Student: 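Sharing a structure here in structure tokens format.
Everything numeric here is computed off the predicted structure, so don't read it as measured data. Convention: sequence-line order gives letters A, B, ...; per-chain numbering from 1.
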Amino acid sequence: MPELPEVETVRKGLEKLVVGKTIKEVTILWPRIIESPVVEIFESQLIGQTIEKMERRGKFLIFKLTNYDMISHLRMEGKYETHDPEDQRDKHTHVIFTFTDGSELRYLDVRKFGRMVLVDKDQGTNYKGILALGPEPIPSQFKLNEFRLGLKKHHKAIKPLLLDQRLVTGLGNIYVDEALWEAKIYPEQPADTLKPKEVEGLSYAIIDVLGRAVEAGGTTIRSYLNALGEAGTFQISLNVYGQTNNPCPRCGTPIKKIKVAQRGTHFCPKCQTLKVRN
DNA sequence: AATACTACCTGCGTGC
DNA sequence: TGCACGCAGGTAGTAT
């Protein structure tokens with residue numbers, strides 16, 4: 001479910017709900033969720049740790065603990081919920097953190113793709129998955145010139161390149177389609193064939209779309225995102241994602257859906273056309 | 001080195 | 001109703 005705006009919404013929710021709480025017990029019901037260290041050590045090291053702060057880098061959540069960083073990636077369907085111990089346990093609950101105040105934080109994940117990693121204090125940013133990330137999609141970090149140079153190094157389609165998180169982090173299948181629509185770029189346009197004006201427009205669109213989605217608390221479709229409670233509202237602002245056959249908000253042409261790098265891809269066949277260059 | 005493909009999982013909608 | 005199949009907000013590992 002989550003791309004950057006949804007993960008940021010979850011981070012804010014956790015900040016309100018679990019910062020200051022101390023872990024008394026950890027129960028792991030699906031061990032593969034824990035990438036490292038081995039589950040027994042993961043559990044024992046967490047006992048007695050207080051959650052001091054909630055951070056985020058790209059789509060990774062970082063729980064800043066007394067003596068460790070706990071990194072959590074929700075992948076497709078991971079989510080966190082707070083509960084009382086007597087609440088009925090959903091079948092997709094895989095990890096339970098019990099706090100000293102008696103409350104619980106539960107990690108649920110229908111497809112079990114999510115992962116957690118425990119590393120030494122303040123070493124979250126040195127975790128390999130986080131080291132590989134490009135800049136956050138904000139003007140102070142996402143620099144046009146570096147983006148242009150990065151795009152020039154690849155001839156592959158722009159959409160899968162943006163999904164791979166190395167040139168900029170945070171986009172997923174929804175927001176990449178939205179950003180490409182906003183920038184009027186065809187999803188299979190080779191990255192190294194974009195003109196400077198297009199690169200600039202794309203850079204702006206990425207920052208704009210993700211920023212607006214963060215403000216909206218993310219997008220809620222099929223799986224009710226719940227940053228510990230509420231759904232996001234960005235779904236009402238989607239221009240192409242999930243809008244197959246609906247009119248393009250700019251020109252009225254029916255939105256088309258194709259497959260690009262095995263992902264469903266929505267675009268306007270009139271506003272976004274392949275430009276033959278080189 | 002860059003790119004393409006597959007594995008990891010479950011549930012839901014569709015069509016026969 | 002049952003069943004096969006494709007699809008779903010993502011990466012990480014492997015092959016070419």
Side-chain angles (χ1 to χ4, degrees), chain A residues 1-11 29-36 56-61 71-80 90-95 107-117 127-134 137 149-180 187-188 190-192 206 209-210 212-214 216-227 231-244 257-266:
Chain A
M1 84 200 220
E3 301 177 40
L4 185 148
E6 292 75 34
V7 178
E8 175 60 15
T9 305
V10 170
R11 188 198 66 75
L29 301 148
W30 188 261
R32 296 199 64 165
I33 298 282
I34 312 306
E35 188 175 297
S36 72
R56 177 193 58 73
R57 175 75 172 95
K59 304 176 193 173
F60 290 88
L61 286 166
I71 301 159
S72 169
H73 199 301
L74 307 173
R75 295 282 179 91
M76 293 290 263
E77 310 213 22
K79 52 192 166 194
Y80 283 99
D90 181 278
K91 67 188 280 206
H92 301 298
T93 303
H94 306 312
V95 182
Y107 176 75
L108 295 81
D109 190 340
V110 170
R111 294 175 73 182
K112 302 172 173 168
F113 286 171
R115 292 292 179 265
M116 293 180 196
V117 183
Y127 168 66
K128 62 176 165 38
I130 290 180
L131 280 176
L133 300 177
L149 291 172
L151 291 172
K152 275 289 172 217
K153 288 184 187 150
H154 300 271
H155 189 64
K156 76 166 171 180
I158 184 66
K159 170 162 172 171
L161 183 59
L162 293 176
L163 285 176
D164 113 340
Q165 312 295 305
R166 287 182 300 171
L167 293 188
V168 60
T169 185
L171 292 168
N173 207 39
I174 294 179
Y175 301 114
V176 74
D177 281 3
E178 294 298 313
L180 289 170
E188 294 190 282
D192 59 356
I206 290 167
V209 166
L210 291 173
R212 287 188 292 119
V214 166
T219 297
T220 298
I221 47 184
R222 40 183 173 274
S223 67
Y224 39 96
L225 167 79
N226 71 320
T233 60
F234 198 74
Q235 57 278 10
I236 60 176
S237 303
L238 296 175
N239 291 306
V240 283
Y241 187 88
Q243 307 303 310
T244 313
K257 184 175 182 186
I258 58 172
K259 191 162 275 201
V260 175
Q262 1 262 28
R263 313 294 305 270
T265 297
H266 313 73

Student: Minimum heavy-atom separation for A:D109 to A:G114, with atom names?
Tutor: OD2-N, 2.8 Å
Student: Quick one: does A:K153's side chain get under 4.5 Å of A:D192's, heavy atoms only?
Tutor: no
Student: Does B:dG11 have OP1 or OP2 under 4.0 Å away from a side-chain N or O of A:K91?
Tutor: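 Affirmative; the distance criterion is met.
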Student: If you measure from the P atom in C:dC5 to the same atom in B:dA7, how many Å do you get, rounded?
Tutor: 16 Å
Student: Using only side-chain N and O atoms of A:R115, determine if any of them is under 4.0 Å from OP1 or OP2 of C:dG10.
Tutor: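 For A:R115, the contact criterion (side-chain N or O under 4.0 Å from OP1 or OP2 of C:dG10) is not met.
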Student: Scan nucleotides 11-16 of chain C nucleotide by nucleotide, 5' to 3', and note B when protein non-hydrogen atoms come under 4.0 Å of the base, S if they reach only the sugar-phosphate, - if neither.
Tutor: SS----
Student: Who passes side chain to side chain contact (heavy atoms under 4.5 Å, CB included) against A:L167, sequence neighbours left out?
Tutor: A:F147, A:L151, A:L161
Student: Would you please name every residue forming a side-chain hydrogen bond (donor to acceptor under 3.5 Å, both in side chains) with A:T169, sequence neighbours left out?
Tutor: A:Q165
Student: For A:F113 and B:dC8, are the ring centres under 5.5 Å apart with planes inclined under 30°?
Tutor: yes
Student: Pick out the pairs of N or O atoms, protein on one side and nucleotides 3-7 of chain B on the other, that lie under 3.5 Å.
Tutor:
| unit_1 | atom_1 | unit_2 | atom_2 | d |
| --- | --- | --- | --- | --- |
| B:dT3 | OP1 | A:H155 | N | 2.9 |
| B:dT3 | OP1 | A:K156 | N | 3.1 |
| B:dT3 | OP2 | A:H154 | ND1 | 2.5 |

Student: side-chain hydrogen bond (donor to acceptor under 3.5 Å, both in side chains) with A:R263: which residues, sequence neighbours excluded?
Tutor: none
Student: Name all residues meeting the salt bridge (charged side-chain N to carboxylate O under 4.0 Å, His left out) criterion together with A:R56; count only those two or more places apart in sequence or in a different chain, and write none if there are none.
Tutor: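 In terms of salt bridge (charged side-chain N to carboxylate O under 4.0 Å, His left out), with neighbours along the sequence ignored, A:R56 is linked to A:E8, A:E136.
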Student: Not counting sequence neighbours, which residues clear salt bridge (charged side-chain N to carboxylate O under 4.0 Å, His left out) with A:R32? List them please.
Tutor: none
Student: For DNA chain B, what string of dots and brackets results from 5' to 3' when Watson-Crick and G-U pairs need both distances under 3.5 Å, crossing pairs get [ ], and pairs with another strand get |?
Tutor: .|||||||.|||||||
Student: Between B:dC9 and C:dT14, how far is it from one P atom to the other, in whole Å?
Tutor: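 Straight-line distance between the two P atoms is 15 Å.
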Student: Under 3.5 Å, side-chain donor or acceptor atoms of residues 232-240 of chain A against the rest of the protein: list the pairs with distances, not counting sequence neighbours.
Tutor:
| unit_1 | atom_1 | unit_2 | atom_2 | d |
| --- | --- | --- | --- | --- |
| A:T233 | OG1 | A:A216 | O | 3.2 |
| A:Q235 | OE1 | A:T220 | N | 2.8 |
| A:Q235 | NE2 | A:G232 | O | 2.9 |

Student: State which residues pass side chain to side chain contact (heavy atoms under 4.5 Å, CB included) with A:K257; sequence neighbours excluded, sorted by chain then number.
Tutor: A:T244, A:H266
Student: Return the orientation label for the A:W30 and A:H94 ring planes: parallel under 30°, perpendicular over 60°, tilted otherwise.
Tutor: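 Ring orientation, 0 to 90° scale: tilted.
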Student: Listed by chain and number, what are the side-chain hydrogen bond (donor to acceptor under 3.5 Å, both in side chains) partners of A:K159, not counting sequence neighbours?
Tutor: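 With sequence neighbours excluded, A:K159 shows a side-chain hydrogen bond (donor to acceptor under 3.5 Å, both in side chains) to A:N173, A:D177, A:T265, given in chain and number order.
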Student: Checking side-chain polar atoms at under 3.5 Å, does A:Y107 have a donor or acceptor matched by the opposite partner on A:S72?
Tutor: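 The answer is no; no qualifying pair exists.
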Student: Using a 4.5 Å cut-off on heavy atoms from C-beta on, say whether the side chain of A:Y127 contacts that of A:E35.
Tutor: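 Sidechains of A:Y127 and A:E35: in contact.
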Student: Look for any protein N or O under 3.5 Å of an N or O in nucleotides 5-7 of chain C and output each such pair with its distance, or none.
Tutor:
| unit_1 | atom_1 | unit_2 | atom_2 | d |
| --- | --- | --- | --- | --- |
| C:dC7 | OP2 | A:K259 | NZ | 2.8 |

